[in-house]
Amino acid sequence: MAKIVCVLYPDPVDGQPTIYPRDDVPVLDTYPGGQSLPTPHALDFTPGQLLGSVSGELGLRAFLEGLGHVLVVTADKDGPSSTFERELVDAEIVISQPFWPAYLTADRVAKAPNLKLAITAGIGSDHVDLQAAIDGGITVAEVTFSNSISVSEHVVMMILSLVRNYIPSYQWVVRGGWNIADCVSRAYDVEGMTVGTVGAGRIGSAVLRRLKPFDVDLHYTDRHRLPDDVETDLGLTYHDSVQSLVAVCDVVTINAPLHPETEGMFDDDLIGSMKRGSYIVNTARGKICDRDAIVRALESGQLAGYAGDVWFPQPAPSDHPWRTMAHHGMTPHVSGTTLSAQARYAAGVREILECWFERRPIRDDYLIVDGGRLAGAGAHSYSPGDATRGSEPTP
Ligand code: NAD
């Protein structure tokens, strides 16, 4: 019998929905490039329903209790007296979502001697101190690709929203105005701009593919160069450093994981080397950007706009400066948790758990840390080390 502690975001303020805007979500055959979707033996939920909140339980309760395991689901995750920290002490498995991260710090790992598996319901496992997981022999797995396309759609939406000044224009309508000059004095076309991505993995390359029809000049940097035919097909320019990339871009989108190489990457110096009036869209992780450097650059006009859905910490405090800074298009961390994405990552979590309990290998694509080292997707996209100290701000 295993104890599984699952940390999910709170239910909607009016309770779990009883009716949804649509009756179904599209059924996908494969991910781009051929990776297969999750393949659990069965599902105990209806795709398209809210699974990522506490009452949704990722659709796992019947399955886990049917095997005799104990499932604890909570949104109470921060501080030493939180339900998460109390329940962690005898847990074998922790499940958490990046949208509402249960920061699994080295301290917390030390308090959980039975902990063997940390599953990210989604993508991006930086809320786990990966060095502590490496040192402690804890397996870390995530549902690779489950929401990469979801995020790429959000990135394209935010690029268009910022450059075309959509949000202020919408607000003029809501306020009863018809202030065309106010709306358009910050509005441009994306056509002809230079757009670059930091990271051209699953999300970054999907953003590039989606932007190609907008007739923009596409650039990227990544520690792995894309195949020649992809570069040719999309007309990509490769940069071997982020400095070289940002110097030529009008719009930069960040799609690399948070790890020691990327933490604090967008600081005053790097932002200062961008073209005046550039835009940044960051749906990767909040700590890749220096919080106050972003605010300063928006105030000075060095940046014309900043949007994204990732913050530090999460949930962001009500006085977080990104809520009120100039020319921003921030949302809470939602891009990867559409109802469509939830169905995929809930199925992927179930697949990982089935593998775990049946002592079958977890797919390599899902592994971040295994056997005391970065493994699978983690070895490809992360560097070892303690990127974040879990819940502490970047020094
Ligand atoms: P991926 O592993 O397919 O791609 C990540 C890419 O980043 C890889 O190609 C890797 O080589 C590259 N990279 C790593 N370090 C780099 C560096 N220093 N400079 C440039 N490139 C570097 O992962 P993905 O599915 O594309 O997701 C990327 C990240 O996006 C996740 O790790 C996560 O942090 C974030 N994400 C956010 C959401 C959301 O809801 N906002 C959802 C999913 C993922």
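The model shown is predicted, which means the values in this text are computed figures rather than measured ones. Order of appearance sets the numbers: ligands from 1, and atoms from 1 within every ligand.
Applying the salt bridge (Lys or Arg N to Asp or Glu O under 4.0 Å) test to every pair with at least one member in residues 138-165, sequence neighbours left out, gives these pairs: Arg164-Asp189. The list of ring-ring contact (aromatic ring centres under 6.0 Å, His included) pairs with a residue in residues 33-90, not counting sequence neighbours, reads His69-Phe357.
Listed by chain and number, the residues in a ring pair (Phe, Tyr, Trp, His ring centres under 6.0 Å) with Tyr9 amount to none (sequence neighbours excluded).
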Every pair of nitrogen or oxygen atoms between ligand 1 and the protein that is under 3.5 angstrom apart - can you list them with their distances to 0.1 Å?
unit_1   : atom_1 : unit_2 : atom_2 : d
ligand 1 : 2 (O)  : Ser381 : OG     : 2.6
ligand 1 : 3 (O)  : Arg202 : N      : 2.9
ligand 1 : 3 (O)  : Arg202 : NH1    : 2.9
ligand 1 : 9 (O)  : Asp222 : OD1    : 3.3
ligand 1 : 9 (O)  : Asp222 : OD2    : 2.7
ligand 1 : 11 (O) : Asp222 : OD1    : 2.6
ligand 1 : 15 (N) : His259 : NE2    : 2.9
ligand 1 : 18 (N) : Glu261 : OE1    : 2.8
ligand 1 : 25 (O) : Ser148 : OG     : 2.9
ligand 1 : 26 (O) : Arg202 : N      : 3.3
ligand 1 : 26 (O) : Ile203 : N      : 2.8
ligand 1 : 34 (O) : Ala284 : O      : 3.4
ligand 1 : 40 (O) : His333 : NE2    : 3.1
ligand 1 : 40 (O) : Ser335 : OG     : 3.2
ligand 1 : 40 (O) : Gly336 : N      : 3.0
ligand 1 : 41 (N) : Thr283 : O      : 2.9
ligand 1 : 41 (N) : Asp309 : OD1    : 3.1
ligand 1 : 41 (N) : Asp309 : OD2    : 3.2
ligand 1 : 41 (N) : His333 : NE2    : 3.2
ligand 1 : 41 (N) : Ser335 : OG     : 3.1

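Lys77 has no carboxylate O lying under 4.0 Å from a charged side-chain N of Glu85, or vice versa, which leaves the two without a salt bridge.
In this model, no donor atom of one side chain and acceptor atom of the other lie less than 3.5 Å apart for Glu261 and Tyr382. Side-chain contact annotation: Thr283 with Asp309, donor-acceptor N/O pair under 3.5 Å absent.
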